[in-house]
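Sequential numbering from 1 along the given sequence is applied to the chain's residues.
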Amino acid sequence: MRPVPPQSLARQLVAGAGRRLVAGAGVVATLALTNLVAAPRLGRPAAMAWNLGATGVLLWCGRWARLDLRAVGLEPHDLRRGLAVGSAGAAAVGALMAAAASTETGRELLDDDRVVDATWPATLLHVGVFIPFGTVVLEEVAFRGVLPGLLDPRARSVTASVVVPALAFGAWHVVSAGDFVAAHEEGDRATGSVRGIVAATTAAGLVLGAARRAGGHLAAPAMMHLTANALATVLGRHVGRRRRH
């Protein structure tokens with residue numbers, strides 16, 4: 001096999017970086033449109049459909065940038081390891097949330113006006129459909145798949161593949177944090193703050209990014225993410241009802 005001339009190799013590297021830069025701009029634009037325009041205006045079914053479409057756009061951006069399946073966390077050969085890491089992580093998430101629900105501070109944080117009056121069918125619909133397909137799929141593909149893949153296709157740098165996407169994940173929650181704080185107000189006192197939520201979701205992004213790195217597949221962080229959001233909904237309904245009656 002003939003060696004690639006240094007000039008040709010340099011051109012290939014520059015071209016690849018250029019494609020990733022353009023694809024990154026597409027990812028940022030798609031996420032900004034979703035977070036700032038679509039999410040505040042759409043109901044749950046429409047928002048879920050939008051988010052699934054946005055997920056397709058993000059994957060197309062990664063494909064156009066010539067990322068392979070492993071770079072975006074969807075390599076089939078890595079699925080078994082991802083499921084193993086995700087199962088262990090989901091169990092840890094469940095244990096931590098159960099422990100939080102046993103404390104007064106934890107119950108205050110879990111108490112959520114948005115879910116306390118929901119019927120069980122509505123709660124199960126939210127947990128079984130809207131959370132996985134309306135939230136987890138988009139956020140995992142975006143922040144643990146395509147974005148880290150564009151920043152560091154070979155996942156050599158923890159900063160590029162975990163830390164920077166975690167910061168972006170925290171920033172992504174600035175808008176929704178205001179709704180969360182409003183739903184946790186007790187009289188004139190609010191439980192939590194926008195800054196606190198952004199810090200917490202950034203920390204969660206670090207954990208989920210580490211799980212993706214350890215598991216090699218998006219299944220790992222997705223299982224943990226789904227567990228956290230589903231339990232927050234179910235426990236929020238349960239705790240809220242008990243505190244009001």
Side-chain angles (χ1 to χ4, degrees), residues 31 34-35 38-59 72-74 76 79-80 82-102 106-107 109-146 169 172-173 175-177 179-180 183-184 197 200-201 204-205 207-208 211-212 215 217-244:
L31 292 176
T34 298
N35 203 18
R41 292 168 172 79
L42 299 178
R44 284 178 181 171
M48 181 178 70
W50 175 285
N51 287 356
L52 289 173
T55 302
V57 172
L58 298 182
L59 289 171
V72 297
L74 294 173
L79 178 59
R80 181 177 295 181
L83 290 172
V85 172
S87 297
V93 168
L96 287 172
M97 294 192 71
S102 68
R107 287 190 290 271
L109 290 171
L110 287 167
D111 189 350
D112 192 339
D113 288 342
R114 297 172 297 179
V115 298
V116 70
D117 293 325
T119 63
W120 270 118
T123 301
L124 293 175
L125 178 66
H126 185 66
V127 168
V129 178
F130 293 130
I131 289 177
F133 299 107
T135 300
V136 173
V137 168
L138 172 63
E139 293 184 353
E140 291 309 317
V141 167
F143 297 104
R144 260 68 67 182
V146 176
F169 187 59
W172 165 262
H173 285 86
V175 175
S176 62
D179 295 334
F180 180 91
H184 288 75
I197 292 167
T201 51
V207 173
L208 294 173
R212 154 76 166 89
H217 197 282
L218 288 182
M223 291 174 69
M224 297 169 66
H225 194 164
L226 177 58
T227 300
N229 285 22
L231 284 178
T233 299
V234 173
L235 290 173
R237 180 183 184 275
H238 175 70
V239 167
R241 289 186 168 221
R242 291 196 63 179
R243 296 182 82 205
R244 287 162 177 76

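- For the pair Met48 and Pro45, the minimum side-chain heavy-atom distance is 4.5 Å or more.
- Considering every non-hydrogen atom in both Ala220 and Ala211, the closest pair reads CB-O, 3.6 Å.
- Under the side chain to side chain donor-acceptor pair (under 3.5 Å) criterion, His217 pairs with no residue at all, not counting sequence neighbours.
- The distance from the NE2 atom of His225 to the CD atom of Glu140 is 6.0 Å, given to the nearest 0.5 Å.
- Between His126 and Phe130, the two ring planes are tilted [angle within 30° to 60°].
- The minimum heavy-atom distance between Arg144 and Arg212, with the atom names listed, is O-NE, 2.8 Å.
- Taking CG from Asn51 and OG1 from Thr34, the interatomic distance works out to 6.0 Å, rounded to the nearest 0.5 Å.
- Note: Leu74 CG to Leu79 CG = 9.5 Å, rounded to the nearest 0.5 Å.
- The two residues Thr233 and Thr123 make their nearest non-hydrogen contact at CG2-CG2, 4.1 Å.
- Put simply, the side chain of Leu226 reaches to within 4.5 Å of the side chain of Ile131, judged on heavy atoms.
- Across every non-hydrogen atom of Pro132 and Val127, the tightest pair is CD-O, 3.1 Å.
- With rounding to the nearest 0.5 angstrom, the CE atom of Met224 is 12.0 Å from the CG atom of Asn229.
- When side chains are defined from C-beta on, Val72 does not count as touching Leu58, because their heavy atoms never get closer than 4.5 Å.
- Between the CG atom in Leu42 and the CH2 atom in Trp50 there is a gap of 7.0 Å [rounded to 0.5 Å].
- Nearest heavy-atom pair, Thr227 versus Ala90, reported as atom, atom and distance to 0.1 Å: OG1-CB, 3.3 Å.
- If you take CG on Leu208 and CE on Met223, they are separated by 12.5 Å, rounding to the nearest 0.5 Å.
- Among residues two or more places apart in sequence or in another chain, the ring-ring contact (aromatic ring centres under 6.0 Å, His included) test is passed with Trp172 by Phe143.
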